[in-house]
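Below you'll find the structure, written out as structure tokens, and then a few comments.
In what follows, every chain begins at residue 1, and chains take the letters A, B, ... in the order their sequences are listed. Because the structure is a prediction, the values reported are computed rather than measured.
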2 protein chains.
Amino acid sequence: MSRADQPLHGDEPVTSRRERARLRREEIIGIASELFAERGYRGTSLADVAGRAGITEPGLLHHFGNKAGLLLAVIERRDLDSEAFAMELLGMEPAERLRALPEFARRNRERAGLAKLFTVLVAESLEPDAPGHDHFVARYRALRAIVADTIRSAREAGLTRAGLDPEVKAAEIIATLDGLQTQWLLDPEAVDIVAAVESYARTLERDLTGS
Amino acid sequence: MSRADQPLHGDEPVTSRRERARLRREEIIGIASELFAERGYRGTSLADVAGRAGITEPGLLHHFGNKAGLLLAVIERRDLDSEAFAMELLGMEPAERLRALPEFARRNRERAGLAKLFTVLVAESLEPDAPGHDHFVARYRALRAIVADTIRSAREAGLTRAGLDPEVKAAEIIATLDGLQTQWLLDPEAVDIVAAVESYARTLERDLTGS
């Protein structure tokens, strides 16, 4: 914002200053997300983030407290994004949800940076004392519960085959989508993520309905 | 080896000195593997490895050239391990292979460190310029080819349903096993890897045979 844009220089409303601080914070989170996706959380220093954001390290710490605080802010923003997807999915009929998977893969393909960020951060959070650990444990538990619920509803409506364990199947579905994403990120020339998810959605439909 | 064990001190055979150097190298690779599994490749410094191995950094560099050289030695050793598994699997009839998956999961459960090492190193190798990148690209291509070949043989023997694409199905199978492993490593209390793989082997049998 140039000086001329500021409504009353020297007598600026608090909300506008707050809004600018919020935007600056968002900008730094975006820069940290890019660096974490490229080099991982462990491979990125606070100095790297500060340098690319044109801020001092103390300035950075003022916004986020410490490196783990910056990580949690990055994770939180990524989650807002995937929650929007999840809500969209939950708004659909169970049968439609399966058909929507390739559409999500298509969108994800355009957002390889976010997908990479997620894959790297999960792997860096396996150890119980890693800063992202509790977050990802809770996230996967919630995700499995949502998918299991979807399967349970479909089962109650008589849409699925007998002998299906919703919890186990939920873990399996999430695992397949995660694993395909990793193979695609590693080798996009060899793995077409949209075709792979389209094919998996058909596998899943046969598996769930027993047809 | 104590001095008393040395056959002819001062006139020691070259092979024995070579053997000791080889054992020392193996020991350092083991230590680096543990550290990489715990903290990742990026989160581990050469000083960390040297410190735990009781060697100087120049001594470490003498064995491995640089940090990437150490990583490749760690990956190579892990691969010897998983190749032994793969050969065992390839020695079986296609139908038996499916039934062997839970047994491999059972063994893997006892080797969480190796599983963690693999998950972390793949995620740290997504970028094309990462030191492990080419290795993991080649490994996944080879793995998909082996699994696809297995499916193709089963298809030629009339054991699988029509309309199965061996390449796509191979990517899907590997993805599911990788993804289940990640969920288990992150949250072993919530995800029973052996039960999950047992269930997936049944899913896969139904899927492949169309039964």
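- Summarising the geometry of B/L180 relative to A/A175, their closest heavy-atom pair is N-CB, 3.3 Å, with the distance given to 0.1 Å.
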For the pair A/S199 and B/K169, evaluate side-chain hydrogen bond (donor to acceptor under 3.5 Å, both in side chains) and give the outcome as yes or no after the intermediate values. CA-CA 8 Å; A/S199 165; B/K169 189 55 66 180; 5.4 Å; no
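- Counting only heavy atoms from C-beta outward, the side chains of A/R42 and B/T44 never approach each other to under 4.5 Å.
- In this structure, the side chains of A/R144 and B/D187 come closer than 4.5 Å at one or more pairs of heavy atoms.
- Distance check, rounded to the nearest 0.5 Å: CZ of B/R206 to OG1 of A/T203 gives 12.5 Å.
- When the ring-ring contact (aromatic ring centres under 6.0 Å, His included) test is applied to A/Y200, no partner is found at least two apart in sequence or on another chain.
- If you measure heavy-atom distances from B/V137 to chain A, the contacts under 4.5 Å come from both the backbone and the side chain.
- Salt bridge absent: B/R202 and A/D207 never bring a charged side-chain N and a carboxylate O closer than 4.0 Å.
- Heavy-atom distances place no part of B/A130 under 4.5 Å from chain A, backbone and side chain included.
- When every heavy atom of A/L186 is checked against every heavy atom of B/S125, the shortest pair comes out as CD1-O, 3.4 Å.
- Atom CD of B/E88 is surrounded by more than 12 heavy atoms from other residues, nucleotides or ligands within 6.0 Å.
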Show, in sequence, the C-alpha distance, side-chain angles and deciding distance for B/E172 and A/Q183, and conclude whether the side-chain contact (heavy atoms from CB on, under 4.5 Å) test is met. CA-CA 10 Å; B/E172 199 181 288; A/Q183 288 182 55; over 6 Å; no
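- The number of heavy-atom neighbours closer than 6.0 Å to CD of B/E110, taken from other residues, nucleotides and ligands shown, is above 12.
- Nearest heavy atoms, B/A190 versus A/R141: CB-NE, 3.9 Å.
- Among the candidates A/H133, A/Q181, A/E167, the residue making the largest number of heavy-atom pairs closer than 4.5 Å to chain B is A/H133.
- The contact list for residues 55-70 of chain A toward chain B, using heavy atoms and a distance under 4.5 Å, is empty.
- With a 4.5 angstrom heavy-atom cutoff, B/R139 does not touch chain A via any of its atoms.
- Within residues 113-121 of chain A, the residues having any heavy atom under 4.5 Å from a heavy atom of chain B are, by residue number, A/K116, A/T119, A/V120.
- For a residue to count as touching a neighbouring chain, one of its non-hydrogen atoms must lie under 4.5 Å from one of that chain's; by this rule A/I174 touches chain B with backbone and side chain alike.
- When the shell of 6.0 Å around CD of B/E27 is examined, it contains more than 12 heavy atoms from other residues, nucleotides or ligands.
- Of the two parts of B/I173, neither the backbone nor the side chain holds a non-hydrogen atom closer than 4.5 Å to a non-hydrogen atom of chain A.
- When each of B/V122, B/L126, B/D178 is checked for heavy-atom pairs under 4.5 Å with chain A, B/L126 comes out on top.
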Show your working on side-chain contact (heavy atoms from CB on, under 4.5 Å) between B/E38 and A/D129 and close with a plain yes or no. CA-CA 10 Å; B/E38 286 164 24; A/D129 59 356; over 6 Å; no
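- Applying the ring-ring contact (aromatic ring centres under 6.0 Å, His included) rule to A/Y140 yields no partners; only residues at least two apart in sequence or on another chain are considered.
- In this structure the side chain of A/E124 never reaches within 4.5 angstrom of the side chain of B/R39, judged on heavy atoms.
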